[in-house]
Number of protein chains: 2
Amino acid sequence: MEELTERQKLILTLIIHEYARTATPVGSKGLVDQYRLEMSSATVRNEMASLTERGYLRQPHTSAGRVPTEEGYRFFVGRLLHQTDLPDSTQRMISHQFYQTRRDVEQWMRLAASVLAHQSHAASMITAPHPERARVKHIELISTRGRQVLIVVVMVGGEIHQRLVTLSEPVSQAQLSATADRINQLCQGKDFEDVYSSRSTLPSLEQDVISWVKEEIEHKDTLAAGEIYLDGIANIMSQPEFSGTEDGRRTLRILEERSLLQNVLTRTLMHSSFGGVEVLIGGEGTWEELRQCAIVLSRYGVPGLASGTLGVLGPMRMSYGRTISTVRFMSSLLSDLVSETLVE
Amino acid sequence: MEELTERQKLILTLIIHEYARTATPVGSKGLVDQYRLEMSSATVRNEMASLTERGYLRQPHTSAGRVPTEEGYRFFVGRLLHQTDLPDSTQRMISHQFYQTRRDVEQWMRLAASVLAHQSHAASMITAPHPERARVKHIELISTRGRQVLIVVVMVGGEIHQRLVTLSEPVSQAQLSATADRINQLCQGKDFEDVYSSRSTLPSLEQDVISWVKEEIEHKDTLAAGEIYLDGIANIMSQPEFSGTEDGRRTLRILEERSLLQNVLTRTLMHSSFGGVEVLIGGEGTWEELRQCAIVLSRYGVPGLASGTLGVLGPMRMSYGRTISTVRFMSSLLSDLVSETLVE
DNA sequence: TTTAGCACTCTCTTGTTTAGAGTGCTAAAA
DNA sequence: TTTTAGCACTCTAAACAAGAGAGTGCTAAA
């Protein structure tokens with residue numbers, strides 16, 4: 001079967017646009033009227049029939065209008081992916097907000113989630129930039145009460161870990177500080193993994209501390225990498241396809257449980273390049289729960305140092321043009337911010 | 001008008017129970033059948049009429065059953081507040097989960113939110129324990145790149161703040177460490193407020209650092225006190241009164257925006273004692289947006305040192321018995337945990 | 001190749017009817 | 001005096017029917 005004609009592409013595009021707007025199947029007559037097309041509804045009907053045959057459109061029932069299929073959206077998005085850009089004024093407005101706030105990752109994440117949600121009228125999600133290699137910049141041991149010691153770890157990249165541990169016997173603050181100093185020396189410029197594996201020759205206190213730090217780092221790697229900032233949930237729950245339906249509840253549960261989300265984000269983070277935008281439509285056969293949804297994702301950060309993922313989750317009929325360009329822009333903006341404030 | 005008779009109280013209680021179960025107005029006949037009452041439906045009808053007159057019940061329309069009013073719930077909850085307790089087995093099960101996980105506030109918050117949501121079948125919210133007086137336990141200055149310096153502040157209580165600042169001229173790590181040491185000396189056992197106000201005689205670097213720290217602490221006090229852990233949103237969105245309705249969307253927005261929530265939580269935190277449970281029904285005239293909801297709240301922590309708030313938000317017909325006992329138990333459990341792990 | 005025309009098929013809305021649940025009142029029973 | 005059986009009445013929600021409207025595919029003419 002041959003390529004689509006320009007006119008067919010136009011009609012497909014218009015149907016997608018109209019369906020995004022109204023959320024109801026779009027018919028030939030309405031389309032011609034709405035967009036002042038230079039052809040009759042009969043012509044549109046013929047093209048629609050052809051598009052339906054090719055699997056880009058679908059009829060809910062015999063006498064209803066057409067609705068785009070997943071295939072239809074994929075085709076549309078494929079053409080869209082490398083062209084649209086956010087208006088300059090919007091870009092400046094957004095940047096401004098970021099450069100006005102404090103240099104605080106947490107706030108940036110919230111702000112980013114908020115901007116994404118607002119621009120796309122959908123739900124947004126973003127993970128904080130996560131360092132690729134675990135290197136300890138600085139470690140501090142603080143005696144608190146009895147044998148309790150607070151370990152504070154500053155990673156290269158600026159992340160901070162803390163952990164409260166109980167020693168087997170009391171140790172003075174002076175000794176603790178000295179121990180911390182020695183460990184700091186060892187960590188200088190090395191991956192923490194290496195420090196950990198060469199710990200066997202050290203005194204037992206040092207060894208213990210290094211083990212605790214290691215545990216903490218890995219702990220956060222697995223668990224609190226689950227820290228996903230969300231926003232705009234209310235946006236999608238007021239869409240008709242989610243509002244009162246079982247699908248809506250399922251989607252809400254996905255957002256809340258975060259394990260599936262985590263799954264999707266990390267999988268994208270794995271084999272995706274920086275700055276590029278990925279679009280998952282209808283779960284792509286892998287995630288049954290996302291049947292009704294589409295996700296627009298991008299990885300951001302500084303290659304080799306730290307990276308995170310951000311994206312938008314919405315109904316399949318979301319406004320892809322706007323969403324994709326917003327995601328792309330936010331990705332590059334955050335990459336800039338991260339590279340400017342990386343602690344080395 | 002006299003007190004309610006025992007029988008009226010019984011009927012009111014049963015209606016509340018039945019309405020919580022079915023979410024539909026409950027009629028005299030059904031009530032007698034369901035609970036095998038030793039009286040006829042006509043008697044129940046008479047009592048219902050009386051309860052309606054007193055404002056504890058309400059009829060959606062002439063030939064419908066009765067629905068509890070806010071007043072009805074208040075009366076019911078007032079009687080309930082000081083008696084119910086979570087089953088021992090449940091208490092042990094929950095404690096076990098907490099003592100099994102790491103001593104990590106973030107995880108505790110997540111776990112607490114999850115437990116509350118599960119037990120109450122509603123939405124839960126909880127804020128991390130926040131120290132009452134700001135006292136700095138330890139401060140650290142770490143040189144990163146050029147004139148950038150990372151300030152790490154460990155508060156009494158265990159909170160950690162970090163902030164990246166840019167000095168006006170480069171300072172060596174050794175000098176930074178010395179400065180940090182001097183400030184640490186000053187902070188020993190004092191409220192940071194006092195350190196701040198007596199800073200004028202210090203060298204300019206010290207003064208700058210103290211100002212930055214002060215800013216950071218206040219910043220977190222106002223903004224990131226907004227860190228509210230939520231769970232169970234899906235629970236309430238699948239309740240019939242929220243599912244497809246405008247009220248549902250409004251409630252969702254409340255949970256997402258958090259400013260109103262913040263408002264409610266802090267206001268409770270102000271004039272509420274520790275361990276006690278507060279129940280807000282239908283916004284209590286103050287919060288129009290919560291018309292359909294009820295909130296069960298408690299303050300937890302260690303008086304004078306650190307405290308947070310936890311609670312459950314659900315439909316007004318929520319199961320108060322279970323919710324109140326869960327909230328009370330969680331409040332005391334978390335208080336214990338906080339007091340055990342406070343950094344002094 | 002496009003389009004006007006038309007018969008046909010669905011759904012959605014609207015109006016009507018009906019069954020059922022629930023009420024309040026009255027009068028008899030306890 | 002309190003409870004209950006009986007009954008007329010009210011209102012909702014479900015069921016059904018009818019008609020309007022939107023949309024389609026096909027055919028034949030432009």
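Computed from a predicted model, the values in this text were never measured in an experiment. A note on names: the letters A, B, ... follow the listed sequences, proteins ahead of strands, and every chain is numbered from 1. Scope of the values below: all heavy atoms of this structure, side chains included, with no hydrogens, waters or symmetry mates.
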Salt bridge or not between [X] and [Y]? Use side-chain N to carboxylate O under 4.0 Å.
X        : Y        : value
B:Glu256 : B:Arg253 : no
B:Glu284 : B:Arg74  : yes
A:Glu241 : A:Arg317 : yes
B:Arg110 : B:Asp231 : no

| Distance from B:Tyr56 atom OH to B:Glu70 atom CD, nearest 0.5 Å? | 13.5 Å
| If only atom types and distance count, is the side chain of A:Gln59 paired as donor or acceptor with the main-chain N or O of A:Thr62 below 3.5 Å? | yes
| task | Have a look at the helix from C:dT1-D:dA30 to C:dA30-D:dT1 and give the angle its two end axes make, five pairs each, rounded to 10 degrees. | result | 30°
| Near-ring test B:Tyr73/B:Tyr320, centroid separation under 6.0 angstrom | yes
| said: Whether B:Arg7 contacts D:dT3 is assessed here as follows: a side-chain N or O lying under 4.0 Å from the phosphate OP1 or OP2. Is that the case? | reply: yes
| task | Using a cut-off of strictly less than 4.0 Å, decide whether B:Ser40 has a side-chain nitrogen or oxygen near OP1 or OP2 of D:dT3. | result | no
| task | Nearest whole angstrom, please: distance from the P of D:dT4 to the CG of B:Leu37. | result | 11 Å
| query | B:Glu47 has an atom CD; how far is it from atom C1' of D:dT4, in whole Å? | reply | 13 Å
| B:Arg45 to B:Ser28 - nearest heavy-atom pair and separation | NH1-OG, 3.2 Å
| message | Return a single string for nucleotides 11-30 of chain C, one symbol per nucleotide in 5' to 3' order, where B is base contact, S is sugar-phosphate-only contact and - is none, cutoff 4.0 angstrom on heavy atoms. | response | S---------BSBB------
